Amino acid sequence: MPLALLALAVGAFGIGTTEFVMMGLLPDVADDLHISIPSAGHLVSAYALGVVIGAPLLAAVTARMSRRTVLIGLMVLFVVGNALSAFAPDHHWLLAARFLSGLPHGAFFGVGAVVATTMVAPERKARSVSLMFLGLTVANIAGVPAATLMGQHLGWRATFLGVSAIGVAAIASLALLIPHDHAHASTTGLRGELAALRSLPVWLALGTTVAGFGALFAAYSYITPMLTDSAGYAETSVTLLLALFGVGATAGNLLGGRLADHAMRGTLFGGLASLVVVLGLFPLLMEARWSAALGVALLGTAAFVTGSPLQLMVMEKAAAAPSLASSANQAAFNLANAGGAWIGGLALAAGFGATSPATAGAVLAVLGLAVAGTAYVVDRRRAAPQGGRERLVAGHVPQQSEALHS
């Protein structure tokens, strides 16, 4: 695998850290800015909104630019947003800075996935994408806990300065390791990029992302009350268990990339099916501490097995606009984050119990399987007429025609 993938992973590490660290810093930010915890929670939403808006927008407007230049520019915007977060004088300025920090997130992963696949042989595309995403999963193991501890001991502003430093390191890595000859984007322009997204298979692939990862976030958003109220863990143990989720996610990401290079759709179906099983068993797994810890790791593994095949599938279905489609998939991922958390919250609010968000997630995973199955049927139907034409071109004349000629 090219060393240039390391540069993409460094950028992904910084992005993953700044995305998830805010959850652990909410009390510190709320106390310092004299706002309530729910008001501080809007900072998470502001970042997600930036991702959803910025992912397709920035990918579309930079369609004619060198992808290497785009990646570096996106990381510059990332550094600026996090530096402004560190020096934000009040809640409103911090909201704006968090929104700005989220803008390059989806486009970086989207364009980065396209660059990663152009640097390897076709049979290693999914693996190259998984290695870029490795930075995101490792951020949950090391980056987020370390940044949270930094914020608790040195102040939350120090955390965002530290993340900015990671962004600077990513810029240097991209400039040194991403070769110029792998950087030229499609010349179809904005209109051509947008036209490529009108395909039904593209939207079915994006729908699978929303449902599949919505299943994850329906449960993961409420993993702390599950571990404390159902499994009996102390709150001080939750951080270590969340790192265990990161270990599972890292393993699933690497496994999914390797398997998808051999059978992309089979890996996707297998990952979604395993997610249904894990989430369906969550109420039982949360009855004991050892099984709860196992469940957290399995949740990360099952969910992230689908990451690389979904990203690659969206790119292949929109071959004329891979950067825009790939970035749109990241927007879908964040819609899944928000929608899954909302659905899991509805289950809790309805009084179905602490583990009810996992059951709701299992239902969403079944929906993801249904959407993926629909996409498979659509692909088969579209391929059938094309296969018939290819057989005619190759000289396979139907028997009736042969009889007429004789």
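Keep in mind that the numbers below use all heavy atoms, side chains included, and drop hydrogens, waters and symmetry copies. Nothing here was measured: the structure is a model prediction, and the numbers come from that model.
- Closest approach of Gly106 and Ala55 over heavy atoms only: CA-CB, 3.8 Å.
- Side-chain atoms of Ser230 do not come within 3.5 Å of backbone N or O of Leu227 as any donor-acceptor pair.
- Side chains of Leu268 and Tyr376 form no contact here, defined as non-hydrogen atoms less than 4.5 Å apart.
- Atom CZ of Phe304 sits about 9.0 Å away from atom CG of Leu299, to the nearest 0.5 Å.
- Between Tyr220 and Phe217, the angle of the ring planes goes over 60°, which puts this pair in the perpendicular group of the 30/60° scheme.
- Two residues are said to be in side-chain contact when any heavy atoms from C-beta on lie closer than 4.5 Å; Thr250 and Asn140 fail this criterion.
- Between the side chain of Thr228 and the backbone N or O of Thr224 there is at least one donor-acceptor pair closer than 3.5 Å.
- With Tyr222 contributing its side chain and Gly344 its backbone, the two residues share no donor-acceptor pair below 3.5 Å.
- Not a single donor-acceptor pair under 3.5 Å links the side chain of Asn337 to the backbone N or O of Phe333.
- When side chains are defined from C-beta on, Val115 does not count as touching Arg68, because their heavy atoms never get closer than 4.5 Å.
- A donor-acceptor contact shorter than 3.5 Å is absent between the side chain of Ser173 and the backbone of Ala7.
- The two atoms that bring Leu174 and Leu71 nearest to each other are CD1-O, 3.8 Å, heavy atoms only.
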task: Could you give me the CA-CA distance, side-chain angles and deciding distance for Val29 and Asp32, then say whether side chain to side chain contact (heavy atoms under 4.5 Å, CB included) is met?
output: CA-CA 5 Å; Val29 173; Asp32 185 56; 6.0 Å; no
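- A heavy-atom distance below 4.5 Å is not found between the side chains of Leu58 and Ser327.
- Between His105 and Phe109, the ring planes lie tilted relative to each other; the angle falls in the 30° to 60° range.
- Side-chain contact check for Phe78 versus Val168: every heavy-atom pair is 4.5 Å or farther apart.
- A donor-acceptor contact shorter than 3.5 Å is absent between the side chain of Asp28 and the backbone of Gln152.
- Here the shortest heavy-atom pairing between Asn253 and Ser130 reads ND2-O, 2.6 Å.
- The backbone N or O of Lys125 lies less than 3.5 Å from a partner atom in the side chain of Asp261, making a donor-acceptor pair.
- Closest heavy-atom contact between Leu348 and Pro357: CG-CG, 3.6 Å.
- Geometrically, Arg157 does not engage Phe87 in a cation-pi contact defined by less than 6.0 Å to the ring centre and at most 45° from the axis.
- In this structure, the side chains of Lys317 and Asp379 come closer than 4.5 Å at one or more pairs of heavy atoms.
- One side chain, Ser326 or Gln311, offers a donor N or O that lies under 3.5 Å from an acceptor on the other.
- Under the 3.5 Å distance criterion, the side-chain polar atoms of Arg67 are left unmatched by any main-chain donor or acceptor of Val111.
- When all heavy atoms are compared, the tightest approach of Leu272 to Thr208 is CD1-CG2, 4.0 Å.
- When side chains are defined from C-beta on, Arg258 does not count as touching Ser308, because their heavy atoms never get closer than 4.5 Å.
- Nearest heavy atoms, Pro283 versus Gly280: CD-O, 3.5 Å.
- The distance from atom CD1 of Ile166 to atom CD1 of Ile15, rounded to the nearest 0.5 Å, is 11.0 Å.
- For the 3.5 Å distance criterion, the side chains of Thr18 and Arg98 qualify, holding a donor opposite an acceptor.
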task: Please assess Phe108 against Val70 for the test side chain to side chain contact (heavy atoms under 4.5 Å, CB included), listing each intermediate value before the final yes or no.
output: CA-CA 8 Å; Phe108 181 87; Val70 171; over 6 Å; no
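- Under the 4.5 Å side-chain criterion, counting only non-hydrogen atoms from C-beta, Leu284 is not in contact with Ser291.
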